[in-house]
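Notes for the one structure printed next.
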Amino acid sequence: MKATILFLMDAFRWDYLDPTVTPFLSQSATEGHHYRRVIPSFGFCERAEILTGKPPRETGYFTAIGFNPERSPYRNLNPLLKGVEGSEKFIPITIYSRVVRRLLRMFVNSRPHGMAPYKIPYRFLPYFALTEDYFDHRDDRAFDCESVLDLLKQRGQTCFYDSFTALNMPFDGDDPIRLERALAAADQGHSLYLIYLSSPDAFGHKWGPHSTELRKELSQMDSKLKSFVHEFSLRRPGSSFVFLGDHGMTKVEKRIDIQTEVRWVAKKLGFQEGKDYLYFLDSTLCRIWFFRPEVEYSLSRALRALSVFQTYGSFVTQEIADREGVPFRDKRYGDLVWWTNPGVMISPDFFHLPDQQTKGMHGYDPGHDDSQGTCIVSGAQHPPMSTSSIRLTEVNQILRECLS
């Protein structure tokens, strides 16, 4: 019985395909359906796009973490977290922070809807919760529209999900382990296998796109994929293999300290962090919430006037939100949202250490060449065909056709 296998190759950029680096994937692109460029939506919730075929405005999922105090797994830890943050002044911060955040991660992993603390300031944690991954994607409450997983349930078919990824899933293996796990389940009769491959993203962030280190890792991944497809095809002849790079990766050219800018302006106006306003620093987004109308009026005007905001990015307007298909003025995602230009990274942010020196980043304008991924569909029923570009949401229909 045939199956459909989706390899989600995180941040595999469209121009990573190279016969000398990725010979198996390059050959698969020539022999199967090749959608040369995949254009993601603005934001960080690609899996929701793939599984539902809907853009962020329709799924409601824009960034991975949103303002939602009622759903925060840290909502009852306010006094403890404030005490922890205060004591950092007297203990070596790197060692202390590593231990405390590990303990917090262990705590939330034992609770439903857990969210890792990442590098979010302790006092901010009770305000935030997961968005796209708050519910397991197999849960009926995960999406307000039909997903591919819902479709399988309706047909009485099953999906192998243990080799996939989600922010509410504990880390339990790397790429080779996920491939081995899926291959071991080949004989279990699942219709869909979801396999997450993290190495293009991890090496792209650390070393940058087209770096020697990344090319070496891509070559190794390509070899593993060739072996997997061969072995899986022997067990499940006639299967379809979808190799998806969900977005690209851009070289970081400029780092800016937005946190200091926001704090300086707010302090000058007499506003207190956590009492009058709050912010969240994604790597390419600065999102700000105002707790009173007068704070929004004064602080918003002052921030918009800063040269750093005018020079290195854009404030998300209704026009931009409509063009990109993302929510606007949605309380989960910020009253004021600022988006960096390609190649500009917010540092420090809430996911990386200030001295981490990340060399590659994504989350920029989806229309930018470096932001785009690629998609290859191979198998006996997929003869050679080339398409210049598709939206990431269209991968949903590709999966449905493979499963039909």
Side-chain angles (χ1 to χ4, degrees), residues 1-14 17 25 28-62 132 137-138 140 142-161 163-166 190-197 229 236 238-248 323-326 366-367 371-404:
M1 182 178 67
K2 68 177 184 179
T4 298
I5 299 86
L6 170 66
F7 301 97
L8 179 53
M9 306 181 299
D10 193 355
F12 188 96
R13 210 167 89 174
W14 68 275
L17 278 179
L25 287 174
S28 298
T30 301
E31 296 177 350
H33 292 184
H34 183 201
Y35 304 90
R36 295 201 301 275
R37 296 181 186 231
V38 171
I39 305 170
S41 293
F42 173 24
F44 298 96
C45 295
E46 293 85 6
R47 283 172 291 114
E49 289 187 70
I50 297 164
L51 294 176
T52 68
K54 305 293 184 182
R57 175 166 290 177
E58 293 185 48
T59 62
Y61 298 135
F62 173 38
E132 177 190 36
H137 288 169
R138 294 162 289 184
D140 292 338
F143 305 109
D144 290 335
C145 53
E146 182 187 77
S147 72
V148 168
L149 303 181
D150 295 327
L151 178 65
L152 291 177
K153 289 180 188 177
Q154 294 168 17
R155 294 176 177 177
Q157 298 173 314
T158 56
C159 170
F160 185 75
Y161 199 82
S163 50
F164 207 42
T165 187
H190 302 289
S191 297
L192 177 64
Y193 291 75
L194 299 177
I195 304 175
Y196 174 69
L197 299 174
V229 169
R236 303 283 293 274
S239 292
S240 297
F241 301 92
V242 181
F243 306 94
L244 174 63
D246 56 344
H247 57 79
R323 184 189 73 208
E324 301 297 338
V326 299
S371 296
Q372 297 166 8
T374 193
C375 183
I376 302 163
V377 185
S378 71
Q381 63 273 46
H382 306 288
M385 183 189 79
S386 180
T387 301
S388 60
S389 67
I390 57 172
R391 303 291 305 186
L392 181 60
T393 50
E394 294 179 72
V395 174
N396 180 268
Q397 184 58 38
I398 292 172
L399 290 175
R400 288 171 180 263
E401 290 172 359
C402 289
L403 289 165
S404 62

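- In this structure, the side chain of K153 engages the main chain of R138 through a donor-acceptor pair within 3.5 Å.
- Formation of a donor-acceptor pair under 3.5 Å by the D246 side chain with backbone atoms of A11 is found in this model.
- In terms of modelled atom types and a separation under 3.5 Å, the side chain of S239 and the main chain of A3 share a donor-acceptor contact.
- Considering CG of D144 and OG1 of T59, their distance stands at 9.0 Å, rounded to 0.5 Å.
- Between Y193 and R236, the side chains place a donor N or O and an acceptor N or O closer than 3.5 Å (distance only, hydrogens not considered).
- Taking OG1 from T4 and CZ from R400, the interatomic distance works out to 12.5 Å, rounded to the nearest 0.5 Å.
- With C375 as reference, L244 is the one residue of L244, L392, T387 to meet the side chain to side chain contact (heavy atoms under 4.5 Å, CB included) rule.
- Using a 4.5 Å cut-off on side-chain heavy atoms (C-beta onward), L25 and F12 make contact.
- Atom NE2 of H137 is separated from atom OH of Y161 by 5.0 Å, given to the nearest 0.5 angstrom.
- Proximity of a side-chain donor or acceptor of Q372 to a complementary backbone N or O of P366 within less than 3.5 Å is detected.
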H190 vs T158, test: side chain to side chain donor-acceptor pair (under 3.5 Å). Steps then yes/no.
CA-CA 5 Å; H190 302 289; T158 56; 2.9 Å; yes
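- For N396 (side chain) and I50 (main-chain N/O), a donor-acceptor pair under 3.5 Å exists by modelled atom type.
- Between the OG atom in S388 and the CH2 atom in W14 there is a gap of 11.5 Å [rounded to 0.5 Å].
- Expressed to the nearest 0.5 Å, how far OG of S386 lies from OH of Y35 amounts to 10.0 Å.
- With hydrogens and angles ignored, the 3.5 Å screen pairs a side-chain donor or acceptor of E132 with a backbone N or O of A48.
- Taking the six-membered ring where tryptophan is involved, the planes of F243 and F241 are essentially parallel, since the angle between them stays under 30° and well short of 60°.
- With hydrogens and angles left out, the side-chain atoms of Q381 and S240 include a donor and acceptor closer than 3.5 Å.
- In this structure, CZ in F160 is found 10.0 Å from CG in L194, a value given to the nearest 0.5 Å.
- No side-chain heavy atom of V326 sits less than 4.5 Å from a side-chain heavy atom of S41.
- Residues F62 and P56 come closest through the heavy atom pair CA-CB, 4.3 Å.
- Of all non-hydrogen atoms in T393 and E49, the two that sit nearest each other are CG2-OE1, 3.5 Å.
- Contact check for H247 versus D10: side-chain heavy atoms found under the 4.5 Å cut-off.
- One N or O on the side chain of H33 and one on the backbone of P383 form a donor-acceptor pair closer than 3.5 Å.
- In this structure the side chain of T165 reaches within 4.5 angstrom of the side chain of R47, judged on heavy atoms.
- Side chain of H382 to backbone of I376: no donor-acceptor contact under 3.5 angstrom is found.
- Closest approach of E394 and R391 over heavy atoms only: OE2-N, 2.8 Å.
- Of all heavy-atom pairs between C159 and L149, the closest is SG-CD2, 3.8 Å.
- V377 and C402 get closest at one heavy-atom pair: CG1-SG, 4.0 Å.
- Between R57 and E324, the closest side-chain pair of non-hydrogen atoms is not below 4.5 Å.
- Between R155 and L403 there is a side-chain heavy-atom pair separated by less than 4.5 Å.
- Closest approach of T52 to C145, counting heavy atoms only: CB-SG, 3.8 Å.
- The main-chain N or O of R13 is never found under 3.5 Å from a side-chain atom of T374 such that the two would form a donor-acceptor pair.
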